[in-house]
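Before any comments, here is the structure.
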Amino acid sequence: MSWLKEVIGTEKAIIAMCHLQAMPGDPGYDKQKGMTWVVDKAREDFLALQEGGVDAVMFSNEFSLPYLTDVRKETVAAMARVIGELMSEIKIPFGVNALWDGAASLDLAAATGAKFVREIFTGVYASDFGLWNTNYGEVSRHRQAIGAEDVKLLFNIVPEAAKYLAQRDITQIAKSTVFNCKADALCVSGLTAGVAADSQILAEVKKTVPGTVVIANTGCRKDTIANQLAVADAAVVGTTFKYDGVFENQVDKSRVLAFMEEVHKFREGLK
């Protein structure tokens, strides 16, 4: 049994993405609609996910495009406001992801009580956002300093829109990340949001670190989730829950219900 059972309540967990609209400071922020509209849209999406039966939710500033590797204070403050306004309605475990800044994600988790964060904590990459460097030694010490030791860390080791600069096999990266960083989970992604993680890569990573939670991080759909969960310990799901399966759209509760029905069938088959 992994920590998933204790923290989220089930093995083979589905962590749904609640994508927040652009916020103050973001190029796409709508000043006329303001933060009240951002909160309202987050509430609509969150309730559709929660009522649709997902196991956990991860709040992310997905529409803060283009992303920063040093997230600005106003973004963290705005995300905290959104989560704070929803707090009385949140009945399931939740995590946070301030793209792409591990320390900022931990700050947000400490402020809101999030159970986990997902981030690019390790590696150096050539990315759409420029040269992307990380320093997990600093982040881990920051985690200790702010009292976030119990927050689970989900390491994305196949970052979207970026390529690892070192010529290292994914299994080498997985093994050294677990050894050096004591990762709580490794996330395996496709190229961008909505693009499926390669099932063969998932299997290779899981075989390399059998004692570590491995998560299918992108591209899971109703017709593929059983195959993904046959290998992965959990899945992060976002785009397929939206109307017509389109990234920019709001969450469609009926799609969530149909997806989770397939998940429950898969879990029943494991008993």
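- Note on ring orientation: taking the six-membered ring where Trp is involved, the planes of Trp100 and Tyr67 are perpendicular (angle over 60°, cut-offs 30° and 60°).
- Summarising the geometry, atom CD belonging to Gln144 is positioned 4.0 Å from atom CD belonging to Glu149; distances are rounded to the nearest 0.5 Å.
- More than 12 non-hydrogen atoms from other residues, nucleotides or ligands lie less than 6.0 angstrom from CG of Asp169.
- Within the 4.5 Å cutoff, no side-chain heavy atoms of Val57 are placed close to those of Gln50.
- Of all heavy-atom pairs between Gly52 and Met260, the closest is O-CG, 3.6 Å.
- In terms of modelled atom types and a separation under 3.5 Å, the side chain of Trp3 and the main chain of Asp184 share a donor-acceptor contact.
- Residue Leu153 holds its CG atom at 4.5 Å from OH of Tyr136, rounded to the nearest 0.5 Å.
- Nearest heavy atoms, Ala185 versus Ile215: CB-CD1, 3.9 Å.
- Using a distance-only test at 3.5 Å, with no hydrogens or angles considered, no donor-acceptor pair links the side chain of Arg255 to the main chain of Tyr243.
- A distance of 10.0 Å separates CE of Met35 from CG of Asp40, quoted to the nearest 0.5 Å.
- Residue pairs meeting the salt bridge (Lys or Arg N to Asp or Glu O under 4.0 Å) criterion with at least one partner in residues 5-30, sequence neighbours excluded, do not occur; the list is empty.
- Summarising the geometry, atom CG belonging to Asp150 is positioned 14.5 Å from atom CZ belonging to Phe116; distances are rounded to the nearest 0.5 Å.
- Ion pairing between Glu44 and Lys41 holds under the 4.0 Å rule for side-chain N and carboxylate O.
- More than 12 non-hydrogen atoms from other residues, nucleotides or ligands lie less than 6.0 angstrom from CZ of Arg43.
- One hydrophobic cluster, built from ILVMFWY side chains closer than 4.5 Å, holds both Val7 and Val236.
- Trp132 and Leu68 are assigned to two separate hydrophobic clusters, defined by single-linkage of ILVMFWY side chains at heavy-atom distances under 4.5 Å.
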Apply side-chain contact (heavy atoms from CB on, under 4.5 Å) to Thr240 and Lys222, showing your working.
-> CA-CA 8 Å; Thr240 200; Lys222 185 178 75 170; 5.7 Å; no
Could you go through the side-chain contact (heavy atoms from CB on, under 4.5 Å) check for Phe46 and Val82 one step at a time?
-> CA-CA 11 Å; Phe46 171 74; Val82 173; over 6 Å; no
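- Within a 6.0 Å sphere centred on CZ of Arg141, other residues, nucleotides and ligands contribute 12 heavy atoms or fewer.
- Val214 places a side-chain heavy atom less than 4.5 Å from the side chain of Leu202.
- No chain of hydrophobic side-chain contacts below 4.5 Å, direct or via other Ile, Leu, Val, Met, Phe, Trp or Tyr residues, connects Leu257 to Val237.
- Side-chain atoms of Ser127 come within 3.5 Å of backbone N or O of Phe129 as a donor-acceptor pair.
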Derivation and outcome, side-chain contact (heavy atoms from CB on, under 4.5 Å), residues Thr171 and Lys175 | CA-CA 6 Å; Thr171 57; Lys175 189 173 184 178; over 6 Å; no
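- By the rule that hydrophobic residues join a cluster once side-chain heavy atoms approach within less than 4.5 Å of another member, Met23 and Leu65 end up as members of one cluster.
- Residues near Phe179 contribute nothing to a hydrophobic cluster around it, because no ILVMFWY side-chain heavy atom sits closer than 4.5 Å to its side chain.
- The main-chain N or O of Glu204 is found under 3.5 Å from a side-chain atom of Thr208 such that the two form a donor-acceptor pair.
- In terms of heavy atoms, Ala98 sits closest to Val71 at O-CG2, 3.9 Å.
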Determine all donor-acceptor pairs shorter than 3.5 Å in which one atom belongs to a side chain in residues 106-113; sequence neighbours excluded.
residue, atom, partner, partner atom, Å
Asp107, OD1, His142, NE2, 2.6
Thr112, OG1, Leu108, O, 2.8

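- For the pair Pro66/Asp128, no side-chain contact is recorded, criterion being any heavy-atom separation below 4.5 Å from C-beta on.
- Shown here for Ala22 and Tyr29, the closest heavy-atom pair between the two residues is O-CD1, 3.3 Å.
- Taking OG of Ser140 as the reference point, atom CG of Asn180 lies at 11.0 Å (rounded to 0.5 Å).
- For the pair Gln228 and Ala216, the tightest heavy-atom approach, listed with the atom from each and the gap, is NE2-CB, 4.2 Å.
- Around NZ of Lys182, the count of heavy atoms belonging to other residues, nucleotides or ligands within 6.0 Å exceeds 12.
- Note that the CE atom of Met58 and the CD1 atom of Ile15 stand 6.0 Å from one another [nearest 0.5 Å].
- Counting only heavy atoms from C-beta outward, the side chains of Gln250 and Gln21 approach each other to under 4.5 Å.
- Under the side-chain contact (heavy atoms from CB on, under 4.5 Å) rule, Asn249 has a single partner from Val246, Val251, Asp252, which is Val246.
- By the 4.5 Å heavy-atom criterion applied to side chains, Glu89 and Leu86 are counted as neighbours.
- When side chains are defined from C-beta on, Ser60 counts as touching Leu99, because their heavy atoms get closer than 4.5 Å.
- Looking only at distances, no side-chain donor or acceptor of Arg81 sits under 3.5 Å from a matching main-chain atom of Val39.
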Begin with the C-alpha distance, continue with both residues' side-chain angles, and end with the deciding distance and a verdict on side-chain contact (heavy atoms from CB on, under 4.5 Å) for Phe247 and His19.
-> CA-CA 9 Å; Phe247 171 74; His19 293 160; 3.8 Å; yes
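- Between Asp45 and Cys18, the shortest heavy-atom contact is CB-SG, 4.1 Å.
- Counting heavy atoms from C-beta outward, Leu131 and Leu165 have side chains that approach closer than 4.5 Å.
- Taking the salt bridge (charged side-chain N to carboxylate O under 4.0 Å, His left out) definition, one finds that Lys206 meets it with Asp233, sequence neighbours left out.
- Pairs engaging residues 75-96 under the ring-ring contact (aromatic ring centres under 6.0 Å, His included) rule: Phe59-Phe94 [sequence neighbours left out].
- By the 4.0 Å N-to-carboxylate-O rule, Lys271 lies close enough to Glu268 to be salt-bridged with it.
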For residues 117-126, tabulate all N or O donor-acceptor pairs below 3.5 Å that involve a side-chain atom, not counting sequence neighbours.
residue, atom, partner, partner atom, Å
Arg118, NE, Asn97, OD1, 3.2
Arg118, NH1, Asn217, OD1, 2.9
Arg118, NH2, Asn97, OD1, 3.0
Glu119, OE1, Asn97, ND2, 3.0
Glu119, OE1, Asp101, N, 3.2
Glu119, OE1, Ser105, OG, 3.2
Tyr125, OH, Thr122, O, 2.6

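- Judged by distance alone, with hydrogens and angles left aside, the side-chain atoms of Asp55 form a donor-acceptor pair with the main-chain N or O of Ile14 at under 3.5 Å.
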